[in-house]
Amino acid sequence: MYHCQVHFYFVGHSCRTFEIIKGSIPPEHFTHIYSESCHAEEALAASADVILANLEDGDAEETIRALAAAKRESAELILLTSFFSGESGRQKHERAEGAVPDGVDLLAAVKDIWKLPMSEGEIRFRFSRWQGDYKAKMDAWQTSQFLEATINHVPNLIWYKDKNGIHEKVNDSFCRTVGKTKKQVEGRGHAYIWDVEEDDPACIESENEVMTKRRTFVSEEIIKTGDGMRTLT
């Protein structure tokens, strides 16, 4: 089982949300570490796994841009705010400094937005749901590592296709045989991968047999590889 250390970076004035998260118990196999600053700091943002930015004071757009530019691609950015810039009325006039801008390009780096104010129960609910989603993501990563390690250490060709014959995943042996990289192969069909003019009817027939009858089907095909003609079972 993996062990995951999650670095939380809190930006902006300390608030009840930050305190509740710091007081929470990590799930099994997880540990939490924390850092804080009143304004976005590049070094802290770059090392964080999760960034929670309280936008209630200061320039929201400037903060979001700074964090989006500094954070790692895999890091999650969560905004805490009481309103968006598109909202109107007295609240917008009074709190324009902390408004989240409407720009889609700017918000592309944002994982979620938590609307303030929140009760303690809602904070705990949101964070618990976030923890579950994050753990599911890590579990999926571990499963992916198991799959990659298994399929790439066997000599047989292994590939996964969708119902239209497009290769979704292949192993190293497959790539060596066709003389192409995974990036070239995945997302492509038979003809391109095997350097032929059209998809192999025998290949299509065997795939349809499996999908229709829902059983294992064994067939033989003569294929052209970088090492010459081969019989593929």
Side-chain angles (χ1 to χ4, degrees), residues 1-87 91-92 94-104 106-145:
M1 184 65 181
Y2 63 86
H3 180 81
C4 184
Q5 177 176 274
V6 184
H7 177 191
F8 290 88
Y9 173 35
F10 302 123
V11 182
H13 291 295
S14 184
C15 60
R16 184 61 175 155
T17 301
F18 295 171
E19 296 305 315
I20 288 176
I21 292 175
K22 285 188 288 185
S24 66
I25 299 174
E28 187 178 8
H29 306 300
F30 282 74
T31 56
H32 294 169
I33 60 173
Y34 309 97
S35 59
E36 296 183 62
S37 66
C38 290
H39 304 286
E41 294 186 12
E42 182 178 349
L44 291 176
S47 64
D49 299 301
V50 187
I51 304 170
L52 289 99
N54 182 1
L55 303 179
E56 290 299 274
D57 296 295
D59 189 322
E61 182 170 344
E62 180 181 331
T63 299
I64 297 170
R65 289 193 185 280
L67 294 172
K71 78 179 189 69
R72 291 178 288 111
E73 184 177 354
S74 61
E76 298 187 358
L77 173 58
I78 300 174
L79 308 179
L80 280 64
T81 183
S82 59
F83 66 104
F84 291 86
S85 61
E87 295 178 6
Q91 185 188 47
K92 175 185 175 182
E94 293 176 347
R95 304 294 298 280
E97 258 195 343
V100 175
D102 288 331
V104 175
L106 185 60
L107 296 180
V110 176
K111 172 69 175 180
D112 202 359
I113 299 175
W114 294 359
K115 192 75 176 289
L116 300 175
M118 292 188 290
S119 66
E120 181 172 329
E122 185 178 356
I123 295 170
R124 294 187 185 281
F125 167 76
R126 284 185 173 275
F127 185 63
S128 176
R129 186 172 63 177
W130 175 87
Q131 282 184 314
D133 290 344
Y134 198 81
K135 184 178 184 303
K137 183 172 73 171
M138 293 298 103
D139 289 347
W141 170 85
Q142 178 179 247
T143 300
S144 175
Q145 297 304 302

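What you see is a predicted model; the values in this text were computed from it and never measured. Values below: every heavy atom of this structure, side chains too, minus hydrogens, waters and symmetry copies.
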Check salt bridge (Lys or Arg N to Asp or Glu O under 4.0 Å) between Lys111 and all other residues, then give those that pass, not counting sequence neighbours. none
side-chain contact (heavy atoms from CB on, under 4.5 Å) against Thr31, all qualifying residues, sequence neighbours excluded: His3, Gln5
Is there side-chain contact between Ile33 and Val6, with heavy atoms separated by less than 4.5 Å? no
Contact list for residues 27-39, test salt bridge (Lys or Arg N to Asp or Glu O under 4.0 Å), sequence neighbours left out: Lys22-Glu36
Contacts of Asp139 that satisfy salt bridge (Lys or Arg N to Asp or Glu O under 4.0 Å) - sequence neighbours left out: Lys135
Closest non-hydrogen contact found for Glu19 with Ser14 is OE2-OG, 3.1 Å
Non-neighbouring partners of Ala45 that pass side-chain contact (heavy atoms from CB on, under 4.5 Å), sequence neighbours left out: Tyr9, Ile51, Leu67, Ala70
For Glu62, look at atom CD and say whether over 12 heavy atoms of other residues, nucleotides or ligands are found less than 6.0 Å away. no
Does His7 use its side chain to pair, donor to acceptor, with the backbone of Ser47 at less than 3.5 Å? yes
Closest non-hydrogen atom pair, Cys4 against Met138: SG-SD, 4.0 Å
Test side chain to side chain donor-acceptor pair (under 3.5 Å) applied to Ser24 - qualifying residues, sequence neighbours left out: none
Distance in Å, Thr17 OG1 paired with Leu52 CG, rounded so as to fall on 0.5 Å steps: 8.0 Å
Evaluate the ring planes of Phe10 and Tyr34, with Trp represented by its six-membered ring, and classify them as parallel (under 30°), tilted (30 to 60°) or perpendicular (over 60°). parallel
Just to verify, what does Trp114 make a ring-ring contact (aromatic ring centres under 6.0 Å, His included) with, not counting sequence neighbours? none
For Glu76 and Lys137, what are the C-alpha separation, side-chain angles and deciding distance, and is it a salt bridge (Lys or Arg N to Asp or Glu O under 4.0 Å)? CA-CA 12 Å; Glu76 298 187 358; Lys137 183 172 73 171; 2.9 Å; yes
Distance, nearest 0.5 Å, that separates CD1 of Ile25 from NE2 of His32: 11.0 Å
With Ser128 via side-chain contact (heavy atoms from CB on, under 4.5 Å) - residues at least two apart: none
Taking salt bridge (Lys or Arg N to Asp or Glu O under 4.0 Å) as the definition, give me every residue that meets it alongside Glu41, ordered by chain and number, with sequence neighbours left out. none
So CD1 of Ile64 and CG of Leu79: to nearest 0.5 Å the spacing works out to 4.5 Å
From Leu44 atom CG to His39 atom NE2, the distance as rounded to the nearest 0.5 Å: 13.5 Å
Asp49 (side chain) donor-acceptor with Ala75 (main chain) under 3.5 angstrom: no
Set of side chain to side chain donor-acceptor pair (under 3.5 Å) partners for Thr143, sequence neighbours left out: none
Point-to-point distance, once rounded to the nearest 0.5 Å, from CZ of Arg126 to CD1 of Ile78: 9.5 Å
Going by side chain to side chain donor-acceptor pair (under 3.5 Å), name the residues that satisfy it together with Ser144, two or more places apart in sequence or in a different chain. none
Roughly how far, to the nearest 0.5 Å, is CD of Glu56 from CG of Leu116? 5.0 Å
Residue that, paired with Phe8, satisfies ring pair (Phe, Tyr, Trp, His ring centres under 6.0 Å) out of Phe18, Trp130, Phe30: Trp130
Nearest heavy-atom approach of Val11 to Ala40 is CG1-N, 3.7 Å
Gln131 and Pro26 have their tightest heavy-atom pair at NE2-CA, 4.2 Å
Please name all residues satisfying side-chain contact (heavy atoms from CB on, under 4.5 Å) with Glu120, sequence neighbours left out, ordered by chain then number. Arg16, Ile20, Arg124
